[in-house]
Every structure is written in C-alpha cells, then in structure tokens.
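Atoms considered below: every heavy atom in the structure, side chains included; atoms not considered: hydrogens, waters and symmetry mates.
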Amino acid sequence: MKQQLNIDVLICGAGAAGLTLAIELARRGIAFRLIEKKDGPFHGSRGKGIQPRTQEVFEDLGILDRLVATGGPYPPERRYQAEGGFTEAEVVEQQAPTASEPYLQPLMVPQFLAERALRERLIELGHRPEYGCELVGFEQNRQGVTAHLHSQTGEEQVRVRWLVGADGGRSFVRHALDVDFPGKTLGVRAIVADVTLSGLGRDVWHRFSDGDMARQISFCPLAGTELFQIQGPIPLEGDIDLSAAGLQAMVAERTGREDIHIHSVSWASAYSMNARLADQYRIGQVFLIGDAAHIHPPTGGQGLNTSVQDAYNLGWKLAAVIQGADEDLLNSYEEERRPIAADMLGLATRLLDSTMRGEMRRGREVKQLDIGYAESSLALEQPRRFGGLLAGDRAPDAPVRGAAGMPQRIFDLLRGTHWTLFGYQTEHGAVQPRPGLHIHHIDKQGNIIDDRLHFATAYAPLAGDWILVRPDGYVGAIVSSQDLAELESYLSRMGLGSGRVLN
C-alpha cells in the first residue's frame, strides 16, 4: 500500500464547495489533494442561481467575468391559464447596482457550467481534481488524519493535517464521524431534468398549473445552453419514467399541449426535498462543508451559494493556521457558518411553501448580501459602535481614486488572499507593514482619495478609525487610533505578527 506524506488538507468531493476550497488553498500555496469518487464531473443543472454575494466571491476568485459570459439573467415567467391565455411577470425584483452593491441581480449559470469555470480556475493555479478516487476510511488524532483511499491504481494511505468532507448530502465523512443530521423530509417529491425540446420559446420561463401539486410543471431555458430545465412535483411513492418518452407523456398530460416535444434527456433526477443541518461542522481535524453539512430545498437558490461561502470562509482560516495563526481560529468556522445555514434552511423552506401556492417572486432576502458575523468571536470594535458599518458586516464596495488619479474600487483593493487595513484620516506609519497585510490611507494625503465620499457613506468612519477587512471580505475589526494595541493583538492572533519599522 502506498503512503503519501506532506499534504496539509485532503478535500473529499469535487463539487462547487470542494472546488472553491481547493482554489482558496491553491492561491495561498497550501499543499492539498482534491478527490472525487465519481469518474468525472457532474453534468446536471441541479443548482442554477448565482446570488449577488456569491458573485462577489467569484469576482475575488477570478471567475465572475467568465460566468457572466457563460450564463445570463433570469427570464420573466409566463404562467399559462387553464382557460387559455397567459400572464407574465419578473421572477426577481429588478434593482440597479449601487456604489456599495455592484451586483444586485441573480445570475443564471447551470451548475455543471459553474463547476466547469471553477475547475478551469483551479487548473490555472496548477491543480485539478482526482476523479475515481474514493475515501473509504479514516482515523484521526490531535496531530492529523490518516485517510484510506481506493482508486483504479489500488489502495493508498494518506497522512494529512486536516480532512474536509465536501461529499454531498449522503456524506461518507459525516457518517463516519457519526454526526447527527437532524431536520425533516418536507413531504415534496419532484423531478428535475435537463432536456432538449421544441414547441416553447427561450425568452421566458414557462409555468403550467401553478399551485396544483398534481399537475404543476415548468420549463426554464438554461442560460449558456440549448437545454431547458423541467421541474415539477411528483407523487411521494412510485417509479418515475425519466426517459424522453416518459417525460413526453408527463408534459402532454400536465400541459394539455401536443406541440411540446422532448427530443433528448441529458440529465434527470427524481428526489425528495429535505431540510437538514449537521449538529457539528468540526470534529477534531475533520470539517464538513456544503451539502455534507446542510441540505436545502432548491427554492430561492440558496444551497449552492451557501456551500460556496462555507468553503470561502474555511479556506483562508486553514491557510492562516498552517502559516502561523492560532489554531483556535478554526473554531470560528462552525461558529460563523452554522447559524447562516440554519437561517437559509428556514428561508428556503418558507419559499417552498410559497412556490407550492404558485408564488415565485424573490426579493432581497435571497441575495445573501445582508449575511454577516456580528456575533463572531472574530468581530472586534474598540470602542463599540452603535450604527453604520459594524465589525462582522460584509465590506461594501465603493468607487474611489488612487493618488495617481486613476479610478479604483474598494473591491479592487480587497481582491486577493491578503488582509486589508484602511486608515481613515490616520497617522501614516502608526501601523507598520507586514506580509499578508495591505495598508491604505484614505485622506487628502493618502494613497486613496475618497473625493466623491462613497467610502465615507458606505463605511461611516470617524476620523482616526482603522478598518480591518478579512480575506473573505467581511470586516474583522474597527478600532480608533487610541486603541491600536487591540488591533496589534488581533493581527497577531491572525498570524500577521508585528510589523517592522522601516528606515
């Protein structure tokens, strides 16, 4: 049996969560392996909505532009009435971007295309998933995990510092840890199928018999493809024919139309909807992310987005500990992300109830821009603030200007693997440079000029404030110039140490 050493992290599962975590580790130079027991990538559209906050994450990862080029906006819905005719309406509230929130509309990208973009980015960083490689067992102690792998080349034993289960709702890692997965089956069974068809235009999302759980069916044109996604409830028991002929019969029966023809099926699934949340996200040296930690009904497009943001949260923390931060930092992963998943489960379940009544409109609640970690142990305010931007909040964007005159965005300054410290009308040199920390002074003599006051509006700083933004785009600390000792202690815990005075 082969044994491999010198791997910090083993990621089990190469879906959206596993790929995001791999990218986060790769761009920080962390040694890892990404394995997937399936023989190749997933080819379906189970998830298709990229919410605004996840678009910001993907901008940081370097793939947003290619996703926008691949996908497109959600089309309006067309509801066909039993007596003939139809009505049309927007599925999502239309809002123009603002200076602080540059992305306010969900982006439709079928899951297999979104994961393809993530794989391409990972390859650019020098890594790729190992398909046909299955985790079949593991043991752990305080120093690490011994993982047993099986692939076509035989058995392999790998010693790693951490194991991350990103292996879906039926997670082997979660079962092996004996972590409870409480929740409920929601009493709804449905089909989802990616098909080629004729008889319907691609300019709208076609919906028939909304509110009728026996006859409801919809046809959504999948942006970036020639496919339609068929969705519809089915009986709780019994086999469902997911072939082209079987779906053709269902379509004819539910729509009453003979001009809609199913030509081929590229992927299809019949599934029961569940809402479940793992009791723990971490046991020792093993973590759960994505569907291994929480499963949602598909309503509102929260599952894939929550999974990506799990990985985005955990990735920088693993890297920071490997590079010298206090290992207690890893406890903040469950502390921050599990309550978010609980809230998203509640939201998706409420939206499912609305969908069953034929109500499809979605508002700000699904966009995930208001998610934050105000109660986190990583949120520091000195002195405490009672309004405006708070520690733990998402760091807003803002158009600013570099001292050389060129326009910039705050997101340009945040992009990358570093921490970012903004000094607002602060003494230059009061906080010393150090690896992993980018310092920007915002004032008339600073390197960043806020002449249109977009930064001042979004961040609501007081003169002398220092605002520290984490690598995942959330505010870690806001301290006054009188409290720099608190800031230095915080930076030290994050592995950033103390700066050297430069001559």
Could you tell me if Gln105 and Gln95 have a donor-acceptor pair between their side chains, going purely by distance under 3.5 Å? no
May I ask you to establish whether Arg174 and Phe181 are in a cation-pi arrangement, using a distance under 6.0 Å from NZ or CZ to the six-membered ring centre and at most 45° from the ring axis? yes
Taking the six-membered ring of Phe208, is NZ or CZ of Arg215 closer than 6.0 Å to its centre and within 45° of its axis? no
Measure the CD-CG distance between Gln111 and Asp194 for me, rounded to the nearest 0.5 Å. 10.0 Å
Applying ring-ring contact (aromatic ring centres under 6.0 Å, His included), name anything that partners Phe138, two or more places apart in sequence or on another chain. none
Under a 4.5 Å cut-off applied to non-hydrogen side-chain atoms, are Leu390 and Ile478 in contact? no
Kindly say whether the aromatic ring centers of Tyr373 and Tyr474 come within a distance under 6.0 Å. yes
Step through it carefully: locate the ring centre of Trp267, locate the ring centre of Phe112, and say whether they are under 6.0 Å apart. no
Quick one: does Gln51's side chain have a donor or acceptor within less than 3.5 Å of a partner on Gln368's backbone? no
Run through Arg282, Arg337, Lys317 and flag the one making a salt bridge (Lys or Arg N to Asp or Glu O under 4.0 Å) with Asp310. Arg337
Is there a ring-ring contact (aromatic ring centres under 6.0 Å, His included) between Phe32 and His127? Walk through the geometry before answering. CA-CA 9 Å; Phe32 70 92; His127 299 268; 4.4 Å; yes
Between Glu56 and Arg53 (salt bridge meaning N to carboxylate O under 4.0 Å), is one present in this structure? yes
